[in-house]
Amino acid sequence: MRTIRLAAAIVTAALLTVACSSGPAPLASIASSGASIGTGEQRILIALVDPETNAYLATDTDAATALLRNEDGSPLGEYELDFVWTVPGVRGVYYGYLEIPEAGVYQLTVERQGLATSAPTGFVAVEEPPMISPGDPAPLSETRVGDDFDDLSLITSDPQPNPDLYSMTVAEAVSNGTPSVVVFATPAFCRTQSCGPMLSQVKVLKLDYPGFDFVHVEIYEDLQVETVAELEVVDSVLEWQLPSEPWIYIIDADGVVVAAFEGAVNDNELTSVLDGLGGP
C-alpha cells in the first residue's frame, strides 16, 4: 500500500513540474482514494483547481473531457466527464468511467470549456483494490442498531438522524432477501466534508424506494471522545476495507454488491442501479 501511494506521488510531482514549466494551467488531481482504482471500467473522481487561488473549477455548466495516457504518454482514450457536487452549492468535482487496461502507472489531463488544458496528473491502478467491490458478497457486519442505545447520538454523528437507518444491522439488511443500500459516512468528522451531503442524499432517496433496506454505518466507534485523535473506526470499516469516507454500496437481494460509489454521487447514478434491481 505504501509503495503504491509513493509511486503515485512521485509520478504526480514529476508531471506537474513539467506542466508548470510550460505556463499556467489548471491543476487536475485524482480525488478517488489511493489504491481504489483497479482495472477495467473504473469510476474516477477528478478535481480541477486554480493553481493560484485553489478555487475549484469544475462546474455543472461547462463541458469537460479527460484524456487518459499510459506511463510513456501514449494516448489511451478520451472520456466525457460529468459533474457532481461534493458540497452542494459550494464545490464539486468531475467523474468519469475510464477504461484501465492493466495495473500500472497512468496520467490524464482535463479539458474544460473556457479553460486551458490542465496540467497532467498521475495515478496508479492496482490489480485488486482492497475494498469490497461490485461482484463481491457483502460482509455480514454486525453493526449497531438504535434499539440497543438510549440515544442515536451514541451511534451516529448525523445531527438529524432518521431512526429507520439504524433499525437493522448490515448483516440483517444484506441477508434477508431484500435489496439494500449501505452508506458509510461520518458527518461530524468527515475529512472531505462530503459525508453529510451524501448521507442526506440517501435519506431523501429512501423515500422513493420503500422496497429497499437502508442502513447508515457511522465510521467511528466512540463519538464522545475529547479529541479527534482518539477516534477509532468501527469493525465494519475494516471488514469492508474502506480506504476513505464516505461510500455508498448497493447490494442485491442475494447479498451481492452490485455498485459502489466513493466520495460523491449523482442521483441519476444511484437511481439507475436501484431501478435495475426492481425499484421503486
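A quick note: this is a predicted structure, and the numbers were derived from the prediction, not measured.
- Ion pair E78/R69 not flagged as a salt bridge, since none of the NZ, NE, NH1 or NH2 atoms sits closer than 4.0 Å to an Asp/Glu carboxylate oxygen.
- Around CD of E230, the count of heavy atoms belonging to other residues, nucleotides or ligands within 6.0 Å exceeds 12.
- Salt-bridge formation is not detected for the pair K203/D164: no Lys NZ or Arg NE/NH1/NH2 atom is positioned less than 4.0 Å from an Asp or Glu carboxylate oxygen.
- A parallel orientation is assigned to the rings of W247 and Y249, their planes being inclined by less than 30° (bins at 30° and 60°).
- Under a hydrophobic clustering in which Ile, Leu, Val, Met, Phe, Trp and Tyr are joined whenever their side-chain heavy atoms come within less than 4.5 Å, directly or via other members, M198 and L165 fall into the same cluster.
- The closest donor-acceptor contact from the side chain of T59 to the backbone of D62 lies under 3.5 Å.
- Taking a 6.0 Å sphere around CD of Q241, one finds it holds more than 12 heavy atoms contributed by other residues, nucleotides or ligands.
- Ionic pairing of E262 and R43 is not present here: no N-O contact between side-chain nitrogen and carboxylate oxygen is shorter than 4.0 angstrom.
- Contact check for P161 versus Y166: side-chain heavy atoms found under the 4.5 Å cut-off.
- With rounding to the nearest 0.5 Å, the separation of CG in L223 from OG1 in T186 is 6.5 Å.
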Cut-off 3.5 Å, no hydrogens considered: what does the side-chain donor-acceptor table look like for residues 122-131, sequence neighbours left out?
none

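- No more than 12 heavy atoms of other residues, nucleotides or ligands sit less than 6.0 Å from atom CD of E80.
- Of the listed residues (V234, V170, D235, V182), just one forms a side-chain contact (heavy atoms from CB on, under 4.5 Å) with T143, and that residue is V170.
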**Prompt:** Passes side chain to side chain contact (heavy atoms under 4.5 Å, CB included), Y220 versus V233? Steps please.
**Reply:** CA-CA 4 Å; Y220 296 110; V233 298; 3.8 Å; yes

**Item:** Evaluation steps, side chain to side chain contact (heavy atoms under 4.5 Å, CB included), between Q201 and V265
**Value:** CA-CA 9 Å; Q201 183 180 18; V265 58; 3.7 Å; yes

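- The structure places OG of S200 at 6.5 Å from CG of D158, a figure rounded to the nearest 0.5 Å.
- Neither side chain, Y97 nor D82, offers a donor N or O lying under 3.5 Å from an acceptor on the other.
- Within 6.0 Å of CG on D222 lie more than 12 heavy atoms contributed by other residues, nucleotides or ligands.
- Going from atom CD of E245 over to atom CG of L199 covers 12.5 Å, rounded to the nearest 0.5 Å.
- The distance from the OG1 atom of T178 to the CD1 atom of I251 is 12.0 Å, given to the nearest 0.5 Å.
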**Request:** I would like to know whether L48 and S118 meet side chain to side chain contact (heavy atoms under 4.5 Å, CB included); could you show each step before the answer?
**Result:** CA-CA 8 Å; L48 192 66; S118 77; 3.8 Å; yes

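- Between Y95 and N266, the side chains place a donor N or O and an acceptor N or O closer than 3.5 Å (distance only, hydrogens not considered).
- Put simply, CZ on F184 and OG on S236 are 5.0 Å apart, with the number rounded to the nearest 0.5 Å.
- Hydrophobic clustering (side-chain heavy atoms under 4.5 Å, transitive across Ile, Leu, Val, Met, Phe, Trp, Tyr) groups Y94 together with L108.
- Residues L68 and P75 are not in side-chain contact: their nearest non-hydrogen atoms beyond the backbone lie 4.5 Å or more apart.
- Taking CG of L270 as the reference point, atom CZ of F261 lies at 5.5 Å (rounded to 0.5 Å).
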**Prompt:** Taking it one step at a time, do W240 and S141 satisfy side chain to side chain contact (heavy atoms under 4.5 Å, CB included)?
**Reply:** CA-CA 9 Å; W240 291 65; S141 298; 3.0 Å; yes

**Request:** Assess whether side-chain hydrogen bond (donor to acceptor under 3.5 Å, both in side chains) is satisfied between Q193 and T86, documenting all intermediate values.
**Result:** CA-CA 8 Å; Q193 298 182 325; T86 54; over 6 Å; no

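- In terms of modelled atom types and a separation under 3.5 Å, the side chain of T121 and the main chain of S29 share no donor-acceptor contact.
- Side-chain contact annotation: S153 with D151, donor-acceptor N/O pair under 3.5 Å present.
- Contact of the I155 side chain with the V145 side chain is not registered, since no non-hydrogen atoms from C-beta on lie closer than 4.5 Å.
- Looking at heavy atoms from C-beta onward, E41 lies out of side-chain contact with L98 at the 4.5 angstrom threshold.
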